[in-house]
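Here's the structure, in structure tokens; my notes come after.
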Amino acid sequence: MPRCTRKGCGQDFDLATNDPSSCTYHSGAPVFHEGLKSWSCCSDVNKPALDFDEFMKIPGCTVSSHTDKAPEVPAPAIKTSSITSNLIVKEAKDGVEVYSTSTPKLAPPKPSIPPPVEAPVVEDEDDLDVPVSPGAVCQRRSCGTAFVSDEVNRIGDGDETVCTYHPAVPIFHEGSKGYMCCKRRVLEFDEFLKIEGCKKGRHVFAPKQRTELQVEQFTDCRVDHYQTPKEVHISVFAKQADKEKSTVAIEDNQIYLDLYLPGPKRFRRTIILFGPVDPDGSSYKFYNTKVEVVLKKLDTRSWTLLEKTTRDLGNISLTFGVGGRTGTIGSKDLVLDEQNTNRVN
């Protein structure tokens, strides 16, 4: 069966059943700008995509019949240069005019920048245990083979089991289009879609689920605090910490933090407190952007620091905080210790 050549379609079709509503395609041209990929005919309807595979899945916006005719490519405009623009007229001693053309000075070619070293490509494998519906298309780049049956496309060493594809991602740079895995580059998008794969392997109709072990990475989180005569409030800015896996342990003279963050990141820290606290009267709570810990003091003395130190800090003391919705700034209730309360009264 012939294959439709309209942009965004690419389906095999039967001439007998081809009607004016059979094909859904893009009537415009692809637009690539600052990493975003879209179609000029429906950029205001369909959201631009960052990944090329997602771009190829953008549904068409125009309905018509299938066609196998080669798309018309506009001929490039021919630049005409004026011969007289570079003419130089000189007059000789005998009065004869001499005409010559000046050769424009060409700038020296810029040194080519070597391409960046790419990380090894991890290729998908077909999961033979997953059933595939007839007509499903191979998911490897530039293959486009439609699934017929396991015996034809997945099992054995027949010709239909061989997949010709591109293992690396496409690259678009200053108008040229190609793939990172091979050297061929073209200017037109239609020609880019026709670039034949550079590697042979097996089809992938149902990719296996990857079970990659992520290497755990320990990271730092900002820790702020303020105090009142009876409590110390600690804010650990660990965004989206996993409440179920994380641990916050409060003891008499220290707190232990083990917070699991999104991905492989993890924050772990033990803080030896400046003064004693009541673990039973203390508490903590997980928020979307931080973990809030409230420590109940065993006495009303002011803590010079949050963490205990052996250094001589001299005559340094911190002012007490104030209670309210926003912490130490812009709050509504003033909290004073016993001595300052007597002074006010």
Side-chain angles (χ1 to χ4, degrees), residues 1-32 37-49 51-75 124 126-167 170 177-179 184 186-207:
M1 290 190 298
R3 176 169 293 184
C4 182
T5 56
R6 295 190 188 276
K7 302 183 185 73
C9 180
Q11 298 181 1
D12 296 333
F13 66 94
D14 187 0
L15 294 174
T17 59
N18 187 21
D19 56 60
S21 61
S22 299
C23 178
T24 303
Y25 68 101
H26 292 286
S27 58
V31 179
F32 305 104
K37 305 168 184 63
S38 61
W39 294 92
S40 61
C41 50
C42 57
S43 58
D44 55 340
V45 177
N46 294 316
K47 184 179 179 181
D51 185 70
F52 182 75
D53 294 329
E54 295 297 325
F55 162 72
M56 294 298 293
K57 295 178 183 178
I58 296 177
C61 57
T62 306
V63 177
S64 182
S65 57
H66 293 294
T67 181
D68 58 352
K69 295 181 179 180
E72 296 181 0
V73 179
D124 291 325
D126 196 23
D127 191 348
L128 299 179
D129 296 331
V130 178
V132 179
S133 302
V137 180
C138 176
Q139 297 189 21
R140 293 197 188 276
R141 300 180 184 92
S142 299
C143 177
T145 300
F147 178 77
V148 178
S149 65
D150 289 343
E151 291 74 14
V152 174
N153 303 113
R154 306 177 87 181
I155 302 175
D157 298 323
D159 294 339
E160 297 298 325
T161 63
V162 179
C163 177
T164 305
Y165 66 100
H166 292 287
K177 304 169 181 66
Y179 289 90
R184 185 181 177 188
V186 296
L187 294 176
E188 297 296 331
F189 184 73
D190 294 321
E191 295 299 321
F192 163 74
L193 295 177
K194 297 177 184 177
I195 297 178
E196 187 177 357
C198 57
K199 186 175 181 180
K200 294 185 181 296
R202 308 287 294 194
H203 293 296
V204 175
F205 296 103

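No hydrogens, no waters, no symmetry mates; every other heavy atom, side chains included, goes into these values.
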Carboxylate-amine/guanidinium contact D157 R202, below 4.0 Å: yes
How far does [atom1] of [X] sit from [atom2] of [Y], to the nearest 0.5 angstrom?
X: C42; Y: K47; atom1: SG; atom2: NZ; result: 15.0 Å
X: T161; Y: D150; atom1: OG1; atom2: CG; result: 12.0 Å
X: S142; Y: L193; atom1: OG; atom2: CG; result: 8.0 Å
X: Y165; Y: T145; atom1: OH; atom2: OG1; result: 13.0 Å

Return the minimal non-hydrogen interatomic distance between [X] and [Y], and the atom names on each side.
X: R3; Y: G144; result: NH2-O, 3.1 Å
X: R184; Y: E191; result: NH2-OE1, 4.5 Å
X: C9; Y: Y25; result: CB-CB, 4.4 Å
X: F205; Y: V132; result: CB-CG2, 3.7 Å
X: W39; Y: K7; result: CZ3-CD, 3.6 Å

Can you check whether [Y]'s main-chain N or O pairs, donor with acceptor, with [X]'s side chain at less than 3.5 Å?
X: D126; Y: L128; value: no
X: H26; Y: S40; value: no
X: N153; Y: V148; value: yes

Parallel, tilted or perpendicular: which describes the rings of Y179 and F52, with under 30° parallel and over 60° perpendicular?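 Aromatic pair Y179/F52 classed perpendicular.
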Side chains of [X] and [Y] in contact at under 4.5 Å (non-hydrogen atoms):
X: H203; Y: F147; result: no
X: F55; Y: P30; result: yes
X: K194; Y: V186; result: no
X: F192; Y: P170; result: yes

Which residues share a salt bridge (charged side-chain N to carboxylate O under 4.0 Å, His left out) with R6, sequence neighbours left out: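 Salt bridge (charged side-chain N to carboxylate O under 4.0 Å, His left out) check on R6 returns nothing, list empty.
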Give the table of side-chain donor-acceptor pairs shorter than 3.5 Å for residues 56-67, with sequence neighbours excluded, one pair per line with atom names and distance.
| from | atom 1 | to | atom 2 | distance (Å) |
| --- | --- | --- | --- | --- |
| T62 | OG1 | S27 | OG | 3.4 |
| H66 | NE2 | S22 | O | 3.2 |
| T67 | OG1 | K69 | N | 3.2 |

Have a look at T164 and tell me which of K200, K199, R140 forms a side chain to side chain contact (heavy atoms under 4.5 Å, CB included) with it.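 Exactly one pass, corresponding to K200.
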